[in-house]
Amino acid sequence: MPLVPPHRTAGWSLSRRTLLRTAGAASMAGLLGSSVTGCGGAEEPQSGADTLGLTFPENFTWGAATSAYQIEGAATEDGRGPSIWDTFSHTPGRVRGGDTGDVAADHYHRWESDLDLMAELELASYRFSISWPRVLPEGRGQINQAGLDFYQRLVDGLLERGITPVVTLFHWDLPQALEDLGGWLSRDTAGYFADYATVLVEALGDRVSTWLTLNEPKTVVIVGYQAGIHAPGRRDRAESYIAMHHLMLAHGLGVQALRAGSSQSRIGPALNLTVVYPADDSPEAEAQAERVDGFENRLYLDPVLRGAYPEDTLDEITQISPMVDQIHDGDLEVISTPIDVLAVQYYNPTYVDANGERVTRHPTSEASWQQIHPDGLYDVLTRVTRDYGDIPLLITENGVPTPDAVTADGTVDDPDRITFLRSHLAAAHRAIADGVPLEGYHVWSLLDNFEWAEGYSQRWGIVYVDFDDQRRIPKASAEWYRDVIRRNGI
Ligand code: GCO
């Protein structure tokens with residue numbers, strides 16, 4: 001997700017053909033991941049028809065992901081309270097084109113046909129998030145039964161169709177009422193999060209077996225509290241790390257609340273991980289890569305899986321933020337409450353030079369922050385297993401925006417998405433072959449949706465959404481993905 005964009009590589013449109021023509025076959029093989037090279041490499045496969053002959057383990061789960069504010073709409077219906085994203089998107093100048101999530105993909109009203117669509121695509125798993133202010137309009141206290149009922153229907157509808165729900169509790173839409181009390185800068189918010197988790201597990205714990213606490217705390221810290229590009233739109237590094245500690249505390253308290261409500265559940269956080277490469281082979285670049293890795297990965301992995309913040313990163317934070325004063329005795333024990341699964345989200349690698357500056361080494365997608373490097377997924381997955389042990393992994397997001405449009409015959413062709421997904425799946429397959437306990441994959445996203453500060457200008461779905469009439473059109477990638485699911489392979 002949009003960590004502060006490295007370089008704007010404006011106008012780069014990732015076209016397979018362009019790449020083959022301009023970058024040459026060797027680079028294309030690299031773009032597709034090395035395991036692909038051995039299987040026909042640089043020849044351009046016919047989208048959809050070709051396979052790489054790679055089969056996934058028998059119980060591998062195939063799914064797709066969304067989040068509440070990005071698809072639901074119905075922002076003021078049935079008692080939903082406002083979230084910080086309602087406030088933010090309604091503030092002029094915050095979101096491209098003045099777009100908001102007021103209607104989004106109207107999933108709140110179209111959930112039933114959306115579930116039918118998921119069944120047609122033969123998804124085995126659906127990762128979605130609960131809108132906290134739909135369930136608790138004030139963030140705490142009074143439950144909005146109509147909001148809870150919506151998620152009851154959704155979960156029941158999934159189970160009826162044989163699709164496993166994977167539920168995220170916090171995907172950035174903090175109730176505005178809690179923001180007014182200090183948001184993530186207030187320790188109390190972590191406690192309110194645990195109470196919210198209790199409400200959910202009491203309502204759905206008998207039917208939901210996989211719970212994800214927080215989505216990408218790093219993005220909240222960097223994009224929401226440092227760059228001010230996401231809600232709540234703050235620009236203050238000192239306070240951003242206070243928010244971070246409270247987010248991590250919320251995760252730990254959330255795990256405990258969920259566990260107390262349902263002993264059988266599998267629980268974990270959803271972390272966006274990247275691999276940080278030195279941009280050259282100087283010792284300085286290597287040291288900078290190690291340093292940046294602290295901020296990108298270890299700051300979130302270590303407290304959860306090792307019970308401590310990484311010392312080097314914490315030292316640096318201490319120079320600019322009073323964050324350590326907010327760490328109470330016992331907090332790290334709470335944060336490291338054992339989890340059952342680690343949800344990994346991978347979009348891009350990171351390259352840093354000898355000065356610690358980020359540099360671009362690969363073509364980017366329409367999202368200027370997204371360098372495309374499938375091998376980075378292999379490196380992320382194997383690194384987690386190597387450094388943190390055999391914790392089961394679930395990919396809960398991976399995807400790419402492409403300039404999709406409906407053709408005259410009413411179809412949407414997105415070959416670049418197919419190329420992207422296939423090459424990343426090849427990298428995931430290679431990680432599994434090398435011993436990584438990866439259990440499943442969710443493409444981001446099921447539907448075109450509200451892409452935060454980019455509004456509706458980027459299409460990330462495997463299903464096209466016409467935002468004028470809310471028509472859904474499965475793109476070529478959706479059909480390709482259904483075939484992947486059927487074959488359990490690529
Ligand atoms: C994220 C979010 C998604 C984004 C996706 C594309 O991980 O950033 O979970 O909500 O839409 O990543 O940017």
Side-chain angles (χ1 to χ4, degrees), residues 1-6 14 63-73 83-85 88-89 95-96 99-101 104-105 107 126-132 166-174 212-227 229-231 247 251 268-274 296-297 300 342-350 364-372 376-377 380 394-404 414 417 420-421 424 441-463 465 477:
M1 184 59 236
L3 293 190
V4 193
L14 172 73
T66 63
S67 90
Y69 189 73
Q70 294 181 273
I71 63 164
E72 283 182 3
S83 79
I84 57 172
W85 267 96
F88 193 76
S89 66
V95 175
R96 188 183 293 264
D99 291 345
T100 73
H107 173 72
Y126 175 50
R127 178 204 175 214
F128 64 96
S129 80
I130 308 258
S131 159
W132 185 346
V166 173
V167 178
T168 310
L169 290 183
F170 175 69
H171 201 125
W172 304 350
D173 45 357
L174 187 76
L212 305 178
T213 51
L214 310 180
N215 179 71
E216 299 192 0
K218 177 174 68 180
T219 308
V220 176
V221 172
I222 299 181
V223 191
Y225 280 86
Q226 291 181 10
I229 293 170
H230 280 185
L247 280 157
H251 158 76
L271 302 182
N272 49 329
L273 302 179
T274 179
E296 290 284 342
N297 301 310
Y300 304 90
L342 179 70
V344 174
Q345 320 204 138
Y346 174 79
Y347 287 97
N348 59 289
T350 301
T364 61
S365 74
E366 278 190 337
S368 58
W369 51 269
Q370 187 182 30
Q371 300 186 61
I372 298 180
L377 175 58
V380 161
L394 199 55
I395 294 174
T396 44
E397 286 186 25
N398 174 238
V400 67
T402 55
D404 307 324
D414 55 346
R417 178 169 291 103
F420 179 98
L421 297 178
H424 283 75
Y441 177 90
H442 298 75
V443 62
W444 183 270
S445 178
L446 175 71
L447 303 171
D448 290 338
N449 59 47
F450 176 81
E451 175 56 15
W452 308 114
E454 299 298 332
Y456 299 98
S457 67
Q458 291 177 3
R459 292 183 175 274
W460 289 78
I462 56 172
V463 173
V465 175
S477 61

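Along the sequence shown, residues carry numbers from 1. First listed ligand is number 1; within each ligand, the first listed atom is number 1.
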(message) So, 4.0 Å and heavy atoms of T219: is ligand 1 close enough to count as a contact?
(response) no
(request) Could you say whether the N/O atoms of W460 and ligand 1 ever approach to under 3.5 Å? (result) no
(request) Taking S445 for its side chain and A65 for its backbone only, find out whether a donor-acceptor pair lies under 3.5 Å. (result) yes
(request) Between W369 and ligand 1, find which residue part has any heavy-atom pair under 4.0 Å and reply side chain, backbone, both or neither. (result) side chain
(request) Say whether F450 and ligand 1 are in contact under the criterion: heavy-atom distance to a ligand atom below 4.0 Å. (result) no
(message) Under a plain distance cut-off of 3.5 Å, with no hydrogens placed, do T66 and Y126 share a side-chain donor-acceptor pair?
(response) yes
(request) Mind checking whether N215 contacts ligand 1 via backbone (N, CA, C, O), side chain (CB onward), both or neither, at a 4.0 Å heavy-atom cut-off? (result) side chain
(request) Considering non-hydrogen atoms only, spot the tightest contact between W85 and W172 and give its length. (result) CD1-O, 3.4 Å
(request) Give a yes/no on ligand 1: does H171 have at least one heavy atom closer than 4.0 angstrom to it? (result) yes
(request) Find the distance between CD1 (I229) and CD (E454) and round it off to the nearest 0.5 Å. (result) 9.0 Å
(request) Output yes when the distance from some N or O of ligand 1 to some N or O of W172 is under 3.5 Å, and no in every other case. (result) no
(request) Say whether, by atom type as modelled, one donor and one acceptor occur between the side chain of R96 and the main chain of Y456 under 3.5 angstrom. (result) no
(request) Mind listing the closest non-hydrogen atom pair of Q345 and A270 along with its distance? (result) OE1-CB, 3.6 Å
